[in-house]
2 protein chains.
Amino acid sequence: MATMNDVARAAGVSTSTVSYVLSGKRTISPDTRAEVLAAIEKLGYSPHAGARALASNRSNVLGLMVPLREDVNVSVVMQFVSAVVTTARTFEQDVLLLTQDDTDGIARVMSQSIVDGMIMMDIEAKDPRVPLLAKMRKPAVLIGLPDDAQGLSCVDFDFAAASRVSVRHLVDLGHRRVALIGSPQASLERHATYADRVRNGFEAAASAANVDFASRACEPTAAALAHALQDLVTGVDAATGLVVHNEFLLPMLRDTLSEMGLSVPADISVVAIAPTDVALASTAPWTAVSIPAHDIGRTAVEMVMERMHTEKPAEVRLIVPSLVQRVTTSPAKASV
Amino acid sequence: MATMNDVARAAGVSTSTVSYVLSGKRTISPDTRAEVLAAIEKLGYSPHAGARALASNRSNVLGLMVPLREDVNVSVVMQFVSAVVTTARTFEQDVLLLTQDDTDGIARVMSQSIVDGMIMMDIEAKDPRVPLLAKMRKPAVLIGLPDDAQGLSCVDFDFAAASRVSVRHLVDLGHRRVALIGSPQASLERHATYADRVRNGFEAAASAANVDFASRACEPTAAALAHALQDLVTGVDAATGLVVHNEFLLPMLRDTLSEMGLSVPADISVVAIAPTDVALASTAPWTAVSIPAHDIGRTAVEMVMERMHTEKPAEVRLIVPSLVQRVTTSPAKASV
DNA sequence: GTTTGGTATCGAAGCGCTTCGCTTAAATTA
DNA sequence: TAATTTAAGCGAAGCGCTTCGATACCAAAC
């Protein structure tokens, strides 16, 4: 392995010159620059990340802690991961992967300076990892909104607003009884913040609009879905407008409803809260508030990078939802 | 940040002593060891990964290149990732994440010594990344079997044998016409090695058993599935035994068949080639050859680690399949 | 009592880079 | 022409660790 010294010798310059050619932090004449680059090429030189990290105190690696739980949809997780990795590369950063359960990992990678910053997904209301992260003196961004962010920056989709927009859309169409099918029970119980916020937003919006409402958690199985729907959309006070925040269930929703004799949107209008590709993965695409996983992931990286060199106060960014009407919502039938 | 020097001073020893306490590479008296550990504790010392990497020429990071494609099932990918990360931690390694399309990433992370070794998933028959990897002088393991591994080690599930076992099971049950529903067309076209091997194994086994066979690629949509089934399991020469290697499709398979008036296993026996949890995610669990994602991921890490310090010849390990009969296969009806 | 062999510790070199201050030469100004 | 500025490059210190002798001490062996 050629070192920077070898390059310097081959180019007939000092190592510092080579370093400045590479970093561009001082002016170098075009001639020497060319000679240095030629030497680099010829020797197949590439800098040693460890040495660079030692001297510059920067590793050019970002830590990303991802959830690998039963109750989160891995395909959505992957959209975040993909956005984070791609964006990180535009900042010349690589991404180190930590799993949710590896709580010690936070301290390990940060205090050993393996990473320059951290991004943490799937934050819970009282997430024990948040105080740990806050103690470290490197930038960190949460994807999600804990009760107390302890001075850390956060980015997330505005799930409460997403619920609100969904309810309002249904109400505007004349629906007077709305229902929510949400995340699995497990997500609610551990207070994954998106689950809580969707539910609270839903209930607040329905109350404010003065319409009847009901909400249910739902496990990712056909049976659970059928059961939940039984409760919510049949009987005398059946809802005619449904909000679904559960990517597992969406693929089976239409069939399950039709087995119950309900057609969409004639009998029941449905708004999905889901990534666009999930909402479109159906012959009759869902009216949906899309979860912009890519934007969130990208923003998280940008926020970490902004705080890498310069002090910048913590901030919370909520991505504003927008509803796209497709073919699964329509005006309510005139009430009896 | 306290350095090793600070610790040495606080403990009244030399830095080398501290280093040896930490690495255990020389004997240290219990007393000094205790003092050193106390100083470490008191100062909240943790070693600087960059400095360590520079001096020892080891980063303790493994690179993992994962596919984020449309045609691979992310939940299966995550099982591999999870196994790799977990196993890596048992070797005190962290995992750096690279995405499939980042071909330059291989050279970058290896020649800059950001990682000590690489694991690459979703290998294609003539994968352009394989020669790149082979050029590097750090250990690497492929999950998959390219046509030419160029001296690299490989680990994978024996998909050909999985097909064989599935066909034999159906044949033993008296089925004389078998069909395969495989990966999406895209996977076959890019010669993802699992897709090719499942198909070839299937056709070879059926030929050898002297039974009729047919096979189809299938996109991950209900419509495509219905269409494929139409071809394969209806009509005069309908198959009565079906092998399915496609995790997307399994959840909708039973319903689609029942809409066609076919019940499982009365009218048609089905063997799945899928991870156990997918095979069990049904009220009537599938007879299946399970894809041991966790074992494969773990083995990949072990193989990299074995080659980290010592020269060891490349090897190919195929994980032997085993079929578990559940409730979706039964003897063929007596033929007419 | 001298030699041998272990055991526990120290000191220093070096891993490959970044960065600061200095020097030299050329360009600009008065 | 002398004084001043600017551009380009050099040298050396230092980042925090690992590792290889060398050393000092003590117990056992002859």
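Note that the structure is predicted; figures quoted are calculated from it, not measured. Proteins get letters first, then strands, A, B, ... in listed order; numbering begins at 1 in each.
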Is it true that [Y] and [X] share a donor-acceptor pair across their side chains at a distance under 3.5 Å?
X         : Y         : result
Ser56(A)  : Arg52(A)  : no
Thr87(A)  : Thr90(A)  : no
Thr299(B) : Arg317(B) : no

Report which part of the nucleic acid [X] touches: base, sugar-phosphate, or nothing (heavy-atom distance under 4.0 Å, all strands).
X        : answer
Ser29(B) : sugar-phosphate
Thr32(A) : sugar-phosphate
Leu54(B) : base
Ser19(B) : base
Thr27(A) : sugar-phosphate

Can you tell me the distance, in whole Å, between the [atom1] atom of [X] and the [atom2] atom of [N]?
X        : N       : atom1 : atom2 : value
His48(A) : dG14(C) : NE2   : P     : 17 Å
Ile28(B) : dT7(C)  : CD1   : P     : 13 Å
Leu22(B) : dG16(D) : CG    : C1'   : 12 Å
Arg33(A) : dG9(D)  : CZ    : P     : 10 Å
Asn60(A) : dT18(C) : CG    : P     : 10 Å
Ile40(B) : dG16(D) : CD1   : P     : 16 Å
Asn57(B) : dC20(D) : CG    : P     : 14 Å
Glu35(A) : dG9(D)  : CD    : C1'   : 13 Å

Backbone N/O of Ile114(A) and side chain of Ser59(A): donor-acceptor pair under 3.5 Å: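 Such a contact is found between Ser59(A) side chain and Ile114(A) backbone.
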Backbone N/O of Ser46(A) and side chain of Ser111(B): donor-acceptor pair under 3.5 Å: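 Answer holds: no.
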Side-chain N or O of [X] versus OP1/OP2 of [N]: is the shortest distance under 4.0 Å?
X        : N       : result
Thr17(A) : dC10(D) : yes
Lys25(B) : dT19(D) : yes
Thr3(B)  : dG16(D) : no
Arg52(B) : dT18(D) : yes

Base dG9(D) paired with Ser16(A) side chain (donor-acceptor, <3.5 Å):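 It does not, because no donor-acceptor pair links the side chain of Ser16(A) to the base of dG9(D) below 3.5 Å.
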Polar pair under 3.5 Å, donor/acceptor by atom type, side chain Tyr20(B), base dC17(D):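 No.
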Side chain proximity check, Asn60(B) to Asp94(B), heavy atoms < 4.5 angstrom: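 No; the side chains remain at least 4.5 Å from each other.
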Closest-nucleotide 5' rank along DNA chain C - winner of Thr15(B) and Asp31(B):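 So the residue in question is Asp31(B).
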Upstream residue (5' side of DNA chain D) when Arg26(A) and Pro47(B) are each assigned their closest nucleotide: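 Closest to the 5' end, via its nearest nucleotide, is Arg26(A).
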